[in-house]
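Right, one structure below, let's go through it.
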Amino acid sequence: MMQRMVSLARPVCKIWFRSQVRGLETFPSGAALIVSNHSGLPYAWDAPVLWVDFFEKFGYERRLYVLGHDVLFRGPATGTLMRMGMLRASRDNAGKALRSGAAVMVFPGAAHDAARPTWEQSTIDFAGHTGYVTIALEAGVPIVPVVSIGGQETQLYLTRGTWLAKSLGLQRLIRLEQMPVSFGFPFGLSVGTVNLPFPSKIITQMLAPIDITARFGKEPDVTDVDTYVRTVMQSALDGLAARRRFPILG
């Protein structure tokens, strides 16, 4: 399944988005928790962009799971998603996958991050979520911070639409707190971002693994670890933004 998905994703990532993944040479040989910012709701390409280069470097024997929102697992495609390495986001699922020796990718900012306005694309915002630190600590694995830029230029995101999601009762019905409003092609102004993505150049940077115990001791403060991770990621994302000359073109 992953080979088929990557074969379909590769031309989109490499031709349409001209994607690059940098820093895979520092990725740990064992289990690791990949912590990434999230961009481009609802067509977030963060995971597929990583898939292409990750499996090309490590082969399909190396397992990579991605934690996803509940709403993705409420339809007939649930089985297909699981065969693609998608797991319903929970501490238990993440722990089991990590203890099996796999790499697990998590987006702490979730839809709040992926639906942010385009002019905030260079901001790391996890919306106060720190559960990823506890997951890594309980599993005894390093955190691998990852930053990506370009996904928020696939449309012109105007607002997260938190007020709209609340008015529509989406939080109560499907735990969805954002209904973004954007501008793009071919429909122009769009609610729910149904436009096709612009061919924005997407750059993903893998950062050095963080051994939590080695850096923070045997009983680390979760808030301190989260602050450090976000600081490292913000610095790297600032660097990518500084080298980005033009929107979409990169």
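Computation of the quantities below employed the complete heavy-atom set of this structure, encompassing side-chain atoms and omitting hydrogens, waters and symmetry-equivalent molecules.
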Is a donor on one side and an acceptor on the other found under 3.5 Å between the side chain of [X] and the backbone of [Y]?
{"X": "T26", "Y": "A208", "result": "no"}
{"X": "K201", "Y": "R18", "result": "yes"}
{"X": "Q152", "Y": "G40", "result": "yes"}
{"X": "T227", "Y": "T223", "result": "yes"}

Measure across [X] and [Y] and return the closest heavy-atom pair with its distance rounded to 0.1 Å.
{"X": "I202", "Y": "G151", "result": "CG1-N, 4.1 Å"}
{"X": "D125", "Y": "H112", "result": "OD2-NE2, 2.9 Å"}
{"X": "Y43", "Y": "N195", "result": "CE1-O, 3.2 Å"}
{"X": "M2", "Y": "F55", "result": "CE-CE1, 3.6 Å"}

I need the [X] [atom1] to [Y] [atom2] distance, nearest 0.5 Å.
{"X": "L237", "Y": "S122", "atom1": "CG", "atom2": "OG", "value": "5.0 Å"}
{"X": "Q3", "Y": "L8", "atom1": "CD", "atom2": "CG", "value": "12.0 Å"}
{"X": "Y157", "Y": "Q121", "atom1": "OH", "atom2": "CD", "value": "11.0 Å"}
{"X": "F58", "Y": "S29", "atom1": "CZ", "atom2": "OG", "value": "9.0 Å"}
{"X": "R215", "Y": "I143", "atom1": "CZ", "atom2": "CD1", "value": "11.5 Å"}
{"X": "I203", "Y": "I149", "atom1": "CD1", "atom2": "CD1", "value": "9.0 Å"}

So do the side chains of [X] and [Y] get within less than 4.5 Å of each other, counting heavy atoms only?
{"X": "F126", "Y": "I124", "answer": "yes"}
{"X": "L50", "Y": "V66", "answer": "no"}
{"X": "D221", "Y": "V225", "answer": "no"}
{"X": "P220", "Y": "I212", "answer": "yes"}
{"X": "L158", "Y": "L189", "answer": "yes"}

side-chain contact (heavy atoms from CB on, under 4.5 Å) assessment of L33 paired with V144: CA-CA 6 Å; L33 185 67; V144 179; over 6 Å; no
Treat each ILVMFWY residue as a node, draw an edge where side-chain heavy atoms are under 4.5 Å apart, and state whether [X] and [Y] are in one component.
{"X": "V181", "Y": "F187", "value": "no"}
{"X": "L41", "Y": "L196", "value": "no"}
{"X": "Y60", "Y": "V52", "value": "yes"}

What residue pairs, at least two apart or across chains, pass side chain to side chain donor-acceptor pair (under 3.5 Å) with a residue in [range]?
{"range": "residues 126-148", "result": "Y132-D226, S148-T204"}
{"range": "residues 238-250", "result": "E153-R244, S200-R244, Q234-D238"}
{"range": "residues 31-42", "result": "H38-D46, S39-R116"}

Mind telling me whether F54 and F27 have parallel, tilted or perpendicular rings, with 30° and 60° as the class edges? perpendicular
Which is it for Q155 and F183 under the side-chain contact (heavy atoms from CB on, under 4.5 Å) test, yes or no, and what are the steps along the way? CA-CA 6 Å; Q155 296 188 51; F183 188 86; over 6 Å; no
Can you run down the ring pair (Phe, Tyr, Trp, His ring centres under 6.0 Å) pairs that involve residues 5-25, sequence neighbours left out, and say none if there aren't any? F17-W45
Which residue pairs satisfy the ring pair (Phe, Tyr, Trp, His ring centres under 6.0 Å) criterion with at least one member in residues 190-226, sequence neighbours excluded? F216-Y228
Before accepting this row, confirm whether a basic side-chain N of the pair R160/D113 lies closer than 4.0 Å to the acidic partner's carboxylate O. no
Taking 4.0 angstrom as the limit, do R10 and D53 come out as a salt bridge? no
Could you check whether atom CZ of F185 has more than 12 heavy atoms from other residues, nucleotides or ligands sitting under 6.0 Å from it? no
Test item: side-chain donor near acceptor, Q20 and R22, under 3.5 Å: yes
side-chain contact (heavy atoms from CB on, under 4.5 Å), that's the test. Do V141 and I135 meet it? Break it down for me. CA-CA 9 Å; V141 301; I135 289 172; over 6 Å; no
Below 3.5 Å, can you tabulate the donor-acceptor pairs from side chains in residues 96-111 to any protein atom, sequence neighbours excluded?
| unit_1 | atom_1 | unit_2 | atom_2 | d |
| --- | --- | --- | --- | --- |
| K96 | NZ | D92 | OD2 | 3.4 |
| S100 | OG | R63 | NH1 | 3.2 |
| S100 | OG | A97 | O | 2.6 |

Output, in order, the C-alpha distance, side-chain angles, deciding distance and verdict of side-chain contact (heavy atoms from CB on, under 4.5 Å) for L207 and V146. CA-CA 6 Å; L207 306 179; V146 174; over 6 Å; no
